[in-house]
Engineer: 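Before I ask anything, let me first share the structure, which is written out below as structure tokens.
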Amino acid sequence: MLSFFSSCSVFLEDGFMYAILAMGYYVSYTILDFPDLTVEGTVLSGGVTYAMLARAGISPWIAILAALFAGAFFGAITGILHVKLHIRPLLCGILVSTALISVNLVVSVLVMGGNIRGEDALTTIPVGRAVPTILNTYPARWLPNDIGGFHVRKIVAFFAVALLFKILLDLFLKTKAGLLLRAVGSNQQFVSMLAQNPGVSKIIGLALGNGFAAVSGALIVQSRGNANQGMGLGMIVIGLASLIIGVSILKNVRRIKPSTMVIIGSVIYQACLAAAAMLGVPTAYNKLIMAVLFTTALVFSDRIKHQKGKDAHA
Amino acid sequence: MLELKNIKKIFNIGTPDETVLFDHFDFTMREGDFVSIIGSNGSGKTTLLNLICGSAYPDEGAVLFKGRDITRLSEYKRARYIGRVFQDPKAGTCSDLTILENMALADHKHGRYGLGVGVNRRHIDRYRSLLETCDMGLENRMNVKVGSLSGGQRQALALVIANMSDIELLILDEHTAALDPRSGEIIMHLTEKLVRQRNLTTLMVTHNLRYALAYGERLVMMHEGTIILDKNGEEKRRTKMDDLLDTFNEISIERGN
């Protein structure tokens, strides 16, 4: 029974942690219709940014904010490549995330005080007990760490961050800039007719999406206790699958905000992985299960039907 | 007000399919004019509109708007003073946004799209009265997503939206062509009402000869990149449908089909 509780605990923590990434995907994929591969790099960039600043003793909240800006910066580069140089969306993401492999590696080595030319430089940044995280500082410290195998503090803290970003996203989408962003994804011509440069909105949207991904990265580092170079792998699938699961399961619920759907989707997705683990499926099969889940979600999602309709009209 | 001077436009430059559409083409419109353009497919009507709106640039020549050279100005910058309604009712509005959100966006055209409130509740009454001019009951469906409206309703909304900001030139790009006859009629009535209200300078491309005769005070017929007929005022009023059909037939005979 204890293992059941701790499994529940893990999927809730992870669900909230990845929900922010998935909300970022909501902006780039659902709103802008831009399949953004940059997140594979920006999740790690966010983690590295957080680890670097937190190890220097800076408040974890400020470090998370810095991670947001780092992710937004790299997301904006993807946007600029697409808008100004007219490179295809998929390629833009591949280019920037490839470049970020080097950037993240170099920064990590420098943070660890190593030599970039050195053969055995350390590339993983540990975040030990002495490093401030949102879990070992106030206000989360007022909460008990663990009740009966349930990591109360971690769940509440990560939920609070996810909720904070959900509220910020909802508020943003109601502003003029937010409406314009939604209009760009729906009808670019319309935005041109409003005397606005549609490219600018796209760049803002991609910056937002990757900023959110980087915040997820910062939380992952705090949860795992280190920032390692392999951290970004599979993030596209996690983000997209959470988004699509959430939206396709909850699409018929009235008066529910997409950001809420995405958070729930993220938790459901992590719960499926946890269930597989509890049934005794070895973790080596995790990525395979992820891909199968994702495919299932895609088949049932409205999005595919929607695009078929679009093509028929064209 | 609007002047196209000595325009040259070539398609597929440097390929075996190279075609010269416009060569030494001139076109002028005065302030307050309502001009209808007709012509067969490939006559250059839509290209003319694209050159005016900035969706395409000429290879030679200049586009002047109120004396200002806008030849190379990008489409979205020209949209400050040029409004356009397209043939496709989907083009002029956003499907994923509600009527209210569409109007709130369009209402803000001359401002900055910053972090202010997107839909300002204080303007709703004004939006409602604008929708009432369409006479389609849209004013009672303001929170409905535009994607669920019919083609005629969407086109009416697109017209209202194009007219919300103080544009100086309205471009109608076969805006009734995708609608059923009844909706087309309604949209043309609405068009005239909106244009008359503000005495808006309007350029309408249409395939409907009857509309071209019934609306506007100047009629232009284009053929293979040249203006072959240009009737204004009294002269236009005396033009009959048969005259237009005769001219069309002459062109076809020339082309050998």
Side-chain angles (χ1 to χ4, degrees), chain A residues 26-27 29-34 83-84 86 167-205 207-208 247 251-252 254-255 257-258 302-303 305-307 309-314, chain B residues 53-55 73-98 100-121 143 145-147 151 154 157-158 161-167 170-171 173 178:
Chain A
Y26 172 70
V27 176
Y29 184 73
T30 308
I31 296 184
L32 282 183
D33 206 4
F34 192 107
V83 171
K84 299 289 176 201
H86 307 287
I167 292 171
L168 286 176
L169 179 62
D170 289 344
L171 285 177
F172 174 73
L173 291 177
K174 281 191 173 161
T175 63
K176 292 197 173 74
L179 270 186
L180 199 66
L181 184 71
R182 289 168 56 201
V184 167
S186 170
N187 183 353
Q188 201 166 317
Q189 183 75 51
F190 182 69
V191 174
S192 290
M193 289 294 109
L194 296 177
Q196 301 300 316
N197 188 346
V200 173
S201 279
K202 278 194 179 174
I203 294 170
I204 292 174
L208 206 64
V247 173
K251 64 176 178 235
N252 293 325
R254 290 173 73 93
R255 308 192 74 82
K257 289 212 165 68
D302 233 12
R303 181 143 199 101
K305 290 176 207 153
H306 183 65
Q307 267 172 352
K310 255 187 197 167
D311 291 344
H313 279 292
Chain B
C53 294
S55 333
L73 199 66
S74 64
E75 184 177 20
Y76 78 90
K77 284 184 179 153
R78 292 185 205 194
R80 274 183 193 287
Y81 33 84
I82 301 177
R84 186 172 186 178
V85 181
F86 295 86
Q87 175 177 0
D88 181 1
K90 290 195 194 77
T93 46
C94 262
S95 320
D96 296 340
L97 270 58
T98 64
L100 185 59
E101 286 169 332
N102 267 279
M103 294 185 83
L105 265 177
D107 196 21
H108 196 63
K109 186 164 165 179
H110 294 283
R112 268 185 60 244
Y113 286 78
L115 297 178
V117 182
V119 179
N120 191 333
R121 302 269 145 197
N143 289 312
K145 288 215 167 128
V146 169
R154 281 192 81 155
L157 183 63
I161 279 177
N163 278 286
M164 274 177 86
S165 48
D166 40 352
I167 47 166
L170 177 65
I171 302 285
D173 187 356

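Every chain is numbered from 1 and lettered A, B, ... according to where its sequence line falls, protein lines coming before strand lines.
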Engineer: Looking only at heavy atoms, which two atoms of A:S186 and B:S95 are closest? And how far apart?
Structural biologist: OG-N, 3.4 Å
Engineer: Which atoms of B:Y81 come close to chain A, meaning under 4.5 Å heavy atom to heavy atom: side chain ones, backbone ones, both, or neither?
Structural biologist: neither
Engineer: If you round to the nearest 0.5 Å, how far is CE of A:M193 from CZ of B:R78?
Structural biologist: 10.5 Å
Engineer: For residues B:Y113 and A:V200, determine if any side-chain heavy atom of one lies less than 4.5 Å from a side-chain heavy atom of the other.
Structural biologist: no
Engineer: First locate atom CD1 of B:I161, then atom CZ of A:F190, and finally report the distance between them rounded to the nearest 0.5 Å.
Structural biologist: 4.5 Å
Engineer: Can you say whether B:T93 sits under 4.5 Å from chain A via the side chain, the backbone, both, or neither, judging by heavy atoms?
Structural biologist: backbone
Engineer: Residues in side-chain contact (heavy atoms from CB on, under 4.5 Å) with B:D88, at least two apart?
Structural biologist: B:K90, B:A91
Engineer: Output all residues satisfying side-chain contact (heavy atoms from CB on, under 4.5 Å) with A:R182, sequence neighbours left out; order by chain, then residue number.
Structural biologist: A:I31, A:L173, A:L179, B:L97, B:E101
Engineer: Which heavy atom of B:G92 sits nearest a heavy atom of A:N187, and at what distance?
Structural biologist: N-ND2, 4.2 Å
Engineer: Of the backbone (N, CA, C, O) and the side chain (C-beta and beyond), which part of B:N102 lies under 4.5 Å from a heavy atom of chain A, both, or neither?
Structural biologist: both
Engineer: Taking atom CD of A:Q189 and atom CD of B:E75, what is their separation to the nearest 0.5 Å?
Structural biologist: 5.0 Å
